[in-house]
J.: 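After the structure tokens below, expect a handful of questions from me.
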Amino acid sequence: GRREVVAEKRRFHSPRFSPDGQRLAMDFIQEGSRDVWTLDLRQRTLSRLSFEKDGHDPVWSPDGRWIYYVHATGIWRRRADGGGTADSVYMGSYAQALELEKDGTIIGAANGPNGKFDVVRLSPDSARRLTPLLATPYTEEAATLSPNGRWLAYTSDETGQTQVYVASYPAGGAKVLVSQGSGVEPRWSPDGRTLYYQGERDGVPYLYAAGVAAGADFAVSGRTPLFDISQFEPAEPHANWDVSPDGSRFVMVQQGPLTEMVFVLNWPEEVRRQNGGRAP
């Protein structure tokens with residue numbers, strides 16, 4: 001697909017599209033301070049959002065009004081327009097917001113009692129109760145909720161190799177293995193019919209598209225390697241890339257001493273060409 005550089009000359013990390021697709025949130029280090037910034041994609045202007053010198057891994061609220069991020073030993077948030085002051089949402093052992101539901105519930109990751117990461121829920125009420133969702137002796141991370149809110153994709157190293165799984169949400173229950181071989185950094189398509197993840201093809205890192213049915217039941221219909229991503233920076237376990245809200249673009253971080261963020265456009269046409277006219 002066609003590539004478009006949208007920002008450069010900084011070590012960008014964890015870019016996330018706003019719900020309206022007009023901005024990106026990300027973090028990077030500047031003058032020794034790691035903070036969260038937003039990028040206006042129309043004006044190509046960067047605005048600093050956090051000032052604690054330890055802000056990273058931003059996540060948008062579903063309405064686009066807030067950005068949540070990791071700071072010190074907890075989760076903080078600030079208005080996405082930069083107004084007001086940062087609020088402490090949760091303080092305790094290391095915790096990270098991964099997804100937010102419309103009611104303010106946070107799906108995140110936190111250190112479990114055995115020192116491994118677990119997937120957890122943080123209630124939106126004043127008690128801020130943290131409840132384990134996926135807690136085993138192994139590491140569960142990178143959780144991402146399907147658009148219909150019924151399915152949770154995540155990674156686990158329970159087989160000795162990190163792979164992508166899907167379980168029903170919020171009940172849990174039986175899980176479905178999505179990746180074949182290694183699989184990391186899952187993200188859903190906006191229509192919920194594709195689960196993207198990073199895997200390998202002949203030892204080369206590739207972005208994969210798993211066709212899925214994610215209604216009352218969950219099933220994988222196929223796995224298509226899209227393109228070589230060896231020149232883009234990974235950030236396992238959470239994703240160092242994102243899918244635009246309209247599904248037309250990926251944003252990724254290109255490797256280098258000072259990285260670039262690029263859009264990958266028209267990738268479905270390239271995959272159809274490689275697959276003899278078949279859709280990804």
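We use all heavy atoms of the structure for the numbers below, so side chains are in, but hydrogens, waters and symmetry mates are not. Remember, it's a predicted structure, so these values are computed and weren't measured experimentally.
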J.: On the 0 to 90° scale, with breaks at 30° and 60°, tag the H238-H13 ring pair as parallel, tilted or perpendicular.
T.: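 H238 and H13: perpendicular rings.
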J.: Which side-chain N or O atoms in residues 94-101 pair as donor and acceptor under 3.5 Å with protein atoms at least two apart or in another chain?
T.:
from: E99; atom 1: OE2; to: T144; atom 2: OG1; distance (Å): 2.6
from: E101; atom 1: OE2; to: R121; atom 2: NH2; distance (Å): 3.4
from: E101; atom 1: OE2; to: Y169; atom 2: OH; distance (Å): 2.4

J.: The criterion is side chain to side chain contact (heavy atoms under 4.5 Å, CB included); which residues satisfy it with P205, sequence neighbours excluded?
T.: I229, S230
J.: Salt bridge or not between R78 and E52? Use side-chain N to carboxylate O under 4.0 Å.
T.: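 Judged by the 4.0 Å cut-off on N to carboxylate O distance, R78 and E52 do not form a salt bridge.
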J.: Scan for salt bridge (Lys or Arg N to Asp or Glu O under 4.0 Å) pairs involving residues 212-229, sequence neighbours excluded, and state none if there are none.
T.: none
J.: Identify whether V59 and V70 are in the same connected component of the hydrophobic contact network (ILVMFWY, side-chain heavy atoms under 4.5 Å).
T.: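 V59 does not cluster with V70.
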J.: Short question: side chain of Q254, backbone of Q231 - any donor-acceptor pair under 3.5 Å?
T.: no
J.: With under 30° as parallel and over 60° as perpendicular, where do the rings of F250 and Y196 fit, or are they tilted in between?
T.: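 F250 and Y196: perpendicular rings.
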J.: For S47, what residues pass the side chain to side chain contact (heavy atoms under 4.5 Å, CB included) criterion, not counting sequence neighbours?
T.: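 By the side chain to side chain contact (heavy atoms under 4.5 Å, CB included) rule, S47 matches T38.
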J.: List for me each residue that meets side chain to side chain contact (heavy atoms under 4.5 Å, CB included) alongside R193, sequence neighbours excluded, and say none if there are none.
T.: D191
J.: Quick check against the 3.5 Å criterion: does T194 have a side-chain atom that pairs as donor or acceptor with the backbone of A209?
T.: no
J.: Could you tell me whether the side chain of W188 and the main chain of P147 form a donor-acceptor pair under 3.5 Å?
T.: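 Checked: no pair found.
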J.: Aromatic contact between F117 and Y154, with the criterion being ring centroids under 6.0 Å apart: yes or no?
T.: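 Between F117 and Y154, the centre distance exceeds or equals 6.0 Å.
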J.: Any donor-acceptor pair under 3.5 Å linking the side chain of W151 with the backbone of G215?
T.: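 Yes: the side chain of W151 pairs with the backbone of G215.
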J.: Please round to the nearest 0.5 Å and tell me the distance separating atom CZ of F227 and atom OH of Y206.
T.: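 Rounded to the nearest 0.5 Å, the CZ-OH separation comes to 10.0 Å.
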J.: Check salt bridge (Lys or Arg N to Asp or Glu O under 4.0 Å) between D246 and all other residues, then give those that pass, not counting sequence neighbours.
T.: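 So D246 forms no salt bridge (Lys or Arg N to Asp or Glu O under 4.0 Å) with any residue.
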